[in-house]
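Right, one structure below, let's go through it.
Each residue takes its place number in the sequence, starting with 1. Indexing begins at 1, ligand by ligand and atom by atom, following the structure's order.
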Amino acid sequence: MIVGGGPAGATAAILLARSGRAVTLIERNAVATDKVCGDFLSVDAIAAVTALGVDLPALAPSPITTVRLVHGKRSATTRLPFAAVGVTRRALDAALLRQAEASGAVVLRGAPVRTIAQGNGSLKIDCGPMGRLVASTVFLATGKHDLRGIMRPARDTGLVGLKMYYTLAPVQQAALRHHVELVLFTGGYAGLQLVEADKAVLCMLVPAARLRAANGRWDDLLDSLKGECPHLGDRLSEAKPLLQRPLAIAGLPYGYLHAHAVDDLAGVFRLGDQATVIASLTGDGVALALASATLATDMWLKADNATAAYHDVWARRVRRQMRLASLAHRVCLAPAAQPWVLRACQELPWLMSLLASLTRMPGWQGR
Ligand SMILES: Cc1cc2nc3c(=O)[nH]c(=O)nc-3n(C[C@H](O)[C@H](O)[C@H](O)COP(=O)(O)OP(=O)(O)OC[C@H]3O[C@@H](n4cnc5c(N)ncnc54)[C@H](O)[C@@H]3O)c2cc1C
């Protein structure tokens, strides 16, 4: 049984179904939706998605070759050391779930799981009005959402994630093409890039206090950010928002890396954000989701309920990447450090390239 149909859950479903196992995936949303995510897909995620049989070019993603760091009126630009694309999570997640069904997995949509509990040597899954299911193994892939009774430890960083799609003015669209832009502002940062159909995605982390100061109003918050970052003002001049209101998420436990504990429910494999929450500025969360699902299903197929071993191996594999990402995240959030970060990246643009390399999944160079 797999709970959650994002990249992690869909990957597990594809791999288990391909191995001839009976697998059911439960996804709470009835249809594909937009998600709070920068929509940046880097080399390691591209390789994994392609290996799963998803025809990525058919989703018409927007190629990204260059990163631009912006703070105040200054910017630093350098080429990324790997291929990347911008593709909406709505399109990517739907393609992965279609692939899971085509591989033979049963996908139940519109079914929110409420709780998972241990009982008589099996796991009991409460699906609300859909009733109760029983499984020997659960791959937990609910992403940013915790299930009652099986929560990740609280670790709220006081940041709110916000996302909006835009049609940019033609001159701004042309200037953004092939770039991912990381804009630093007081206490937060924003990512801006193109995705399919030449839409632009703006995804940001803002201190909750700053959102409160704007009375929770998106337009007021944007005005204050544009005042601080003229670059953002330029990019968004004459931009047309494509969603009625921004998507939002709070309580993000950045830096979380699940360590096996004695009170873990036996038979539950944590995947994706349920295992690891990497800093958003790396744009590597989807790659980690795909890789964790690949490792967990591989270990399960070889050794059945090897949950403790899986969580240990996973933590060892990503610990260095996670530490570096958390350090970069903290430095980029610190108002006193931001001008120095920008200056250093102007003087030594390869620093951005190096950081991008070191925050990929180990082994990406071979792809
Ligand atoms: C602000 C921000 C920007 C980011 N930008 C990027 C980026 O540019 N690139 C990148 O690679 N990563 C990025 N990430 C990280 C990335 O979004 C996650 O790491 C990735 O989505 C994790 O995949 P997942 O499958 O674990 O979870 P999710 O993608 O969150 O999928 C979980 C699924 O489970 C379902 N679900 C939840 N609860 C239940 C339930 N009770 N019952 C049934 N189904 C349930 C949900 O509907 C969802 O479909 C960003 C994250 C944030 C917060």
Can you check whether [X] has an N/O within less than 3.5 Å of an N/O in ligand 1?
| X | result |
| --- | --- |
| P112 | no |
| V3 | no |
| H145 | no |
| I249 | no |
| S280 | no |
| C37 | no |
| K144 | yes |
| Q274 | no |
| D273 | yes |
| A8 | yes |

Would you say [X] touches ligand 1, if touching means a heavy atom closer than 4.0 Å?
| X | result |
| --- | --- |
| A45 | no |
| Y254 | yes |
| S42 | no |

### Query
Passes side-chain hydrogen bond (donor to acceptor under 3.5 Å, both in side chains), R68 versus H231? Steps please.
CA-CA 11 Å; R68 180 178 287 128; H231 179 88; 5.0 Å; no
How far is [atom] from the closest protein heavy atom, and which atom is that?
| atom | answer |
| --- | --- |
| atom 47 (O) of ligand 1 | E27 OE2, 2.6 Å |
| atom 4 (C) of ligand 1 | G38 N, 3.4 Å |
| atom 44 (N) of ligand 1 | R28 N, 3.1 Å |

### Query
Of the listed options (A141, A250, G4), which comes nearest to atom 32 (C) of ligand 1 when hydrogens are ignored and any heavy atom counts?
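Comparing heavy atoms across A141, A250, G4, the nearest one to atom 32 (C) of ligand 1 lies in A141.
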### Query
Does any donor atom in the side chain of S42 or D284 lie under 3.5 Å from an acceptor atom in the other side chain?
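The criterion, which ignores hydrogens and geometry beyond distance, is satisfied for D284 and S42.
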### Query
In terms of ring plane angle, is the pair Y310 and F269 parallel, tilted or perpendicular, where the classes change at 30° and 60°?
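Answer is tilted, since the angle falls between 30° and 60°.
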Salt-bridge contact [X]-[Y] (side-chain N to carboxylate O under 4.0 Å):
| X | Y | result |
| --- | --- | --- |
| R152 | D273 | no |
| R316 | D312 | no |
| K35 | D93 | yes |

### Query
With a cut-off of under 6.0 Å to the ring centre and 45° to the axis, is R343 in cation-pi contact with W340?
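Positive - R343 is close enough to the ring of W340 and near enough to its axis.
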